[in-house]
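Encoded as structure tokens, the structure appears first; notes follow it.
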Amino acid sequence: MSTEFTPEEKRQMSEADIRTKFITPAIVQAGWNERQISEEYSFSVLKPFTDGRMLIDPKTKQASRKEAKRADYLLYHSPNQKIAVVEAKDNKHSSRDGLQQAIDYAQLLDIPFAYSSNGDEFVEHDFLTGVQRTLPMNQFPTPDELSERFFSQYTPEQLKLIQQPYYTDANTFREPRYYQEIAINRTIEAVAHGQQRILIVMATGTGKTYTAFQIIHRLKASGAKKKILFLADRNILVDQPIREDFKPFKKVITKVQGKMDSAFEIYMALYQQLDGSPTAENELFKQFQPSFFDLIIIDECHRGSAKEDSNWRAILDYFDQATHIGMTATPKETADASNIHYFGDPIYTYSLKQGIEDGFLAPYRVIDVNLDCDLKGWRPPKGLLDKNGNPVEDRFYTVKDFDYNIVLDDRTRLVAERITEHLKQNNRNDKTIVFCANIDHAQRMVAELSRLNADMVQQNPKYIRQITGDQPSKTGDLEAFCDVKNEEKAYPVIAVTSKLMTTGVNSQTCKLVVLDANIQSMTEFKQIIGRGTRLRPEADKNFFTIMDFRGVSKLFADPDFDGEPVVILDPEPNPKPTKYPDPDNGNKPDKIEEDPKIYKPAIIIEAGKLELRIIDEKVQYLNEQGELVYEDIDQFSKRHIQQDFADFEQFKQQWQQGSETLSEKFYANNKWLVSLRKKAHLDDNIDDFDLLSSVAFNKTPLTKTERAERVKQSGYVEQYPEENQQVLGLLLDEYVKSGVKDLAKTELLQTPQFSPFGGLVSIIKKFGGKELYQKAVKGLEKMIYAE
């Protein structure tokens with residue numbers, strides 16, 4: 001270790017110099033060698049453990065990355081165990097200045113020891129004891145010392161299991177990401193301690209299957225588990241792992257398709273194929289003794305195993321001697337089903353929010369599209385007939401009805417037109433999933449999208465495909481949609497579904513997720529959003545867009561959206577049934593829900609009979625702080641105001657008339673105006689009219705004070721008697737104070753400043769009656785906005 005520098009020279013050194021000349025030699029002197037384990041697992045300097053959050057410019061849609069998180073040093077005891085993190089500072093800082101960051105990184109990475117140094121000494125934080133101490137530079141702990149301190153908590157039998165290496169074949173191995181490593185290590189440790197039920201929560205797109213593969217490999221290689229069952233409820237959730245992550249198991253793995261053959265070590269099965277129904281006569285899984293499997297992994301365990309009377313639970317109860325590991329992105333915690341009640345609290349949770357922050361998952365933008373029939377509801381005109389010539393029941397229909405018990409073909413057309421417009425504005429080969437209310441809705445959506453995209457369908461008939469449970473081609477279409485080997489020519493491009501693609505679909509290139517179903521379940525919402533969260537920058541997939549036609553994206557604001565799962569202890573005694581269940585069942589092996597058919601055929605109102613339209617549209621995106629904020633609010637407002645009004649004069653006329661239609665516009669909403677005012681850097685002395693005029697029509701805004709002064713100079717007020725002039729002057733003062741919207745309300749005349757004139761009745765009488773008073777005030781408002 002170098003001692004040839006004076007204190008002053010040392011203080012002038014950069015952090016890199018301090019690392020090179022003091023910290024690295026101290027670590028090496030303590031016995032930490034780059035080839036201590038192998039080159040792949042050596043300690044590394046300045047190695048990032050995240051990719052850095054993906055940042056999208058709202059205007060250009062160009063992608064960049066936030067700086068990745070990196071520790072100055074990560075020290076490994078073994079291939080499976082990072083054991084220490086060291087943060088360096090230059091000598092102008094104290095030795096403790098990097099400790100908080102080291103502690104934060106150690107907590108994030110699940111590392112037991114954290115160190116900070118400025119080249120003079122080390123400061124150690126021991127998470128096992130909570131003790132901090134200062135060490136001279138020549139007394140950094142050796143690998144054996146840290147290992148003894150960390151592993152002293154385990155028995156020799158537990159150590160054998162915990163220290164079992166990863167699968168590391170040179171051709172197929174990829175080092176687990178830090179969160180995968182934590183999930184694997186914690187699972188192995190839980191098994192070593194005899195825990196029989198384990199729950200892992202990892203956001204969609206973060207590699208649950210690869211995590212499961214490494215868990216199985218280490219438990220099997222150590223001899224702790226010999227016969228393993230991997231359970232899922234979808235063919236694709238079994239077939240994909242066999243082809244991809246579980247490929248190294250090809251000699252010992254089988255997919256259960258009939259008779260249970262005891263010659264294999266790993267069994268991949270759909271729970272439906274094992275027929276776990278308690279009332280079934282031939283329960284396939286009972287061909288094996290209850291002690292046959294010693295490990296069962298349940299993929300997407302939110303789907304069914306949480307319920308005590310579910311098929312999965314029958315299988316798990318039969319093989320109750322095995323260790324049960326549940327894996328899900330969305331643990332089901334409802335009044336009548338709880339993963340936590342069965343598995344216990346998750347041993348590890350890696351959320352969507354964290355995945356986006358780390359740069360492993362794609363951020364999203366939200367386009368919230370509002371149709372007039374959805375926002376206001378819809379009542380059929382008198383005498384309206386449905387497709388079959390029957391009178392339509394005269395009642396108020398809402399978004400909860402549309403495509404469930406009444407079909408408005410014009411609504412389907414509007415939705416399909418907006419989807420097509422988006423693809424034409426961006427890229428018509430962008431992979432898109434459209435989530436519909438049910439199979440019937442999906443069929444109609446396919447027909448409408450095909451009509452609007454006839455040129456693309458002409459190039460390839462599979463450009464648009466219905467992928468629902470009733471379609472014989474669903475498996476092949478789903479595999480083709482998810483194919484990333486030939487992205488430019490892969491079909492289908494637009495997948496129209498209802499329930500079938502809500503979970504377990506590895507759609508890495510999906511750029512547009514369309515919501516046109518009434519989704520109330522947070523679990524289902526998270527699963528659907530997960531269809532777009534996978535990043536693939538090499539295929540220009542840096543973010544994805546959610547186009548919401550049903551107001552579903554309001555669930556983003558729910559604290560439970562990315563919160564920790566909480567078990568519900570008091571089940572609801574009489575849960576309410578779903579009013580309009582989804583019939584998208586498909587055949588049994590790929591069935592998603594056991595919903596009954598719709599109670600009655602839907603009423604169909606043919607296209608062309610209704611004048612429906614899109615009222616407004618809001619666009620939001622995730623900013624650097626992970627907040628969903630409006631995108632380019634000024635430009636967005638400008639485009640929509642110009643769509644609603646032919647020119648400035650028409651806009652001014654409707655504003656002066658106090659048009660109810662204008663007041664309903666999203667850009668006239670007070671919250672929107674506050675955000676727009678902030679973006680335009682205009683203060684409250686600029687009224688809402690000037691704010692919107694400047695944004696939409698490039699008009700120079702006048703202050704309310706300037707407008708009031710122009711009215712006074714115009715001579716308009718002087719045409720009235722002296723007392724009336726004073727009243728109009730007070731109204732102008734009120735305009736300067738709060739804007740023009742309330743000037744015509746006679747309630748204003750009851751406020752204290754008008755008391756000297758005798759109050760409401762007296763003032764109106766002096767103007768010649770209510771009609772003449774309001775005419776005077778309307779004239780005043782017109783003069784306020786006169787050019």
Side-chain angles (χ1 to χ4, degrees), residues 1-3 5 7 10-11 13-37 41-50 69-154 158-159 162-163 178-179 181-182 185-186 189 348:
M1 214 175 313
S2 177
T3 57
F5 301 100
K10 199 172 182 179
R11 278 193 293 274
M13 290 182 182
S14 66
E15 181 183 307
D17 287 335
I18 294 295
R19 285 200 307 266
T20 302
K21 300 180 185 300
F22 297 95
I23 299 176
T24 300
I27 294 173
V28 171
Q29 181 179 309
W32 297 90
N33 191 300
E34 286 197 30
R35 302 184 62 86
Q36 182 178 10
I37 305 300
Y41 295 105
S42 63
F43 76 80
S44 52
V45 178
L46 296 174
K47 179 180 180 181
F49 53 86
T50 71
K69 292 179 180 177
R70 60 183 75 233
D72 290 336
Y73 300 84
L74 291 174
L75 307 185
Y76 286 78
H77 165 267
S78 68
N80 309 330
Q81 184 65 55
K82 299 182 185 77
I83 200 167
V85 59
V86 182
E87 279 300 305
K89 291 293 180 183
D90 61 40
N91 203 247
K92 296 185 184 71
H93 292 79
S94 77
S95 58
R96 285 185 170 272
D97 278 350
L99 188 61
Q100 187 59 57
Q101 186 175 20
I103 289 173
D104 290 345
Y105 283 168
Q107 286 182 301
L108 183 65
L109 298 171
D110 221 21
I111 292 175
F113 302 104
Y115 296 89
S116 173
S117 178
N118 64 350
D120 288 340
E121 61 187 4
F122 288 100
V123 181
E124 176 191 80
H125 181 90
D126 184 340
F127 283 88
L128 304 177
T129 64
V131 174
Q132 291 186 2
R133 60 174 181 155
T134 302
L135 302 171
M137 292 300 290
N138 60 359
Q139 291 184 22
F140 189 80
T142 67
D144 289 343
E145 180 186 343
L146 286 191
S147 298
E148 184 178 348
R149 289 162 62 184
F150 178 69
F151 291 115
S152 61
Q153 59 188 310
Y154 303 106
Q158 291 171 336
L159 278 178
I162 290 170
Q163 294 181 331
Y178 82 87
Y179 61 85
E181 186 176 282
I182 294 172
N185 287 344
R186 287 193 183 179
E189 185 172 337
Y348 184 60

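Treat the numbers as computed from the prediction; the structure is a model and nothing was measured.
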Contacts of Y105 that satisfy ring-ring contact (aromatic ring centres under 6.0 Å, His included) - sequence neighbours left out:
F49

Got M137 and S95 here, is their nearest side-chain heavy-atom distance under 4.5 Å?
no

Any side-chain heavy-atom pair from D17 and S14 closer than 4.5 angstrom?
yes

Taking S117 for the side chain and A88 for the main chain, is one N or O donor matched with an acceptor at less than 3.5 Å?
no

Pair I27, L75 - check side chain to side chain contact (heavy atoms under 4.5 Å, CB included), show working.
CA-CA 9 Å; I27 294 173; L75 307 185; 4.3 Å; yes

Residues two or more places apart in sequence or in another chain: which of them pass ring-ring contact (aromatic ring centres under 6.0 Å, His included) with F151?
H77

Sequence neighbours excluded, the answer for ring-ring contact (aromatic ring centres under 6.0 Å, His included) partners of H125 is F127

Y178 vs T50, test: side-chain hydrogen bond (donor to acceptor under 3.5 Å, both in side chains). Steps then yes/no.
CA-CA 8 Å; Y178 82 87; T50 71; over 6 Å; no

Sequence neighbours excluded, the answer for ring-ring contact (aromatic ring centres under 6.0 Å, His included) partners of Y179 is Y350, F360

Could you tell me the separation between the CD atom of E87 and the CD atom of Q100, rounded to the nearest 0.5 Å?
11.5 Å

Those residues at least two apart in sequence (or on a different chain) that pass salt bridge (charged side-chain N to carboxylate O under 4.0 Å, His left out) with D90 are none

Where P141 and E145 come nearest, the two heavy atoms and their spacing:
CA-OE1, 3.4 Å

Atom of V85, atom of A71 and distance for their closest heavy-atom approach:
CG2-CB, 3.5 Å

Measure up the F140 and W32 rings against each other and bin them: parallel (under 30°), tilted (30 to 60°), perpendicular (over 60°).
perpendicular

Closest non-hydrogen contact found for A106 with A114 is CB-CB, 4.1 Å

Is the CD atom of Q132 crowded by more than 12 outside heavy atoms at less than 6.0 Å?
yes

Please answer whether the main-chain N or O of S94 pairs with a side-chain N or O of D97 as donor and acceptor at a distance below 3.5 Å.
yes

In Å and rounded to the nearest 0.5 Å, what is the NZ to CG distance from K89 to N118?
11.0 Å

When every non-hydrogen atom of P143 is compared with those of G31, the smallest separation belongs to CG-O, 3.6 Å

Atom pair CD1/CD1 of I111 and I103 - distance to nearest 0.5 Å
12.5 Å

Could you name each residue pair satisfying salt bridge (Lys or Arg N to Asp or Glu O under 4.0 Å) that touches residues 113-127, not counting sequence neighbours?
K10-D120, E124-R133, E124-R149, D126-R149

Check against side chain to side chain contact (heavy atoms under 4.5 Å, CB included), E189 and N185
CA-CA 6 Å; E189 185 172 337; N185 287 344; 5.9 Å; no

dist N138:CG -> F122:CZ (nearest 0.5 Å) comes out at 10.0 Å

Rounded distance [0.5 Å steps], CD in Q29 versus OG1 in T142
12.0 Å

Within this structure, what is the OG1-CD1 distance for the pair T24 and I18, rounded to the nearest 0.5 Å?
11.0 Å

Is there a side chain to side chain contact (heavy atoms under 4.5 Å, CB included) between Y73 and Y115 once you walk through the steps?
CA-CA 9 Å; Y73 300 84; Y115 296 89; over 6 Å; no

Between I23 and D72, does the side chain to side chain contact (heavy atoms under 4.5 Å, CB included) criterion hold? Intermediate values first, please.
CA-CA 10 Å; I23 299 176; D72 290 336; over 6 Å; no

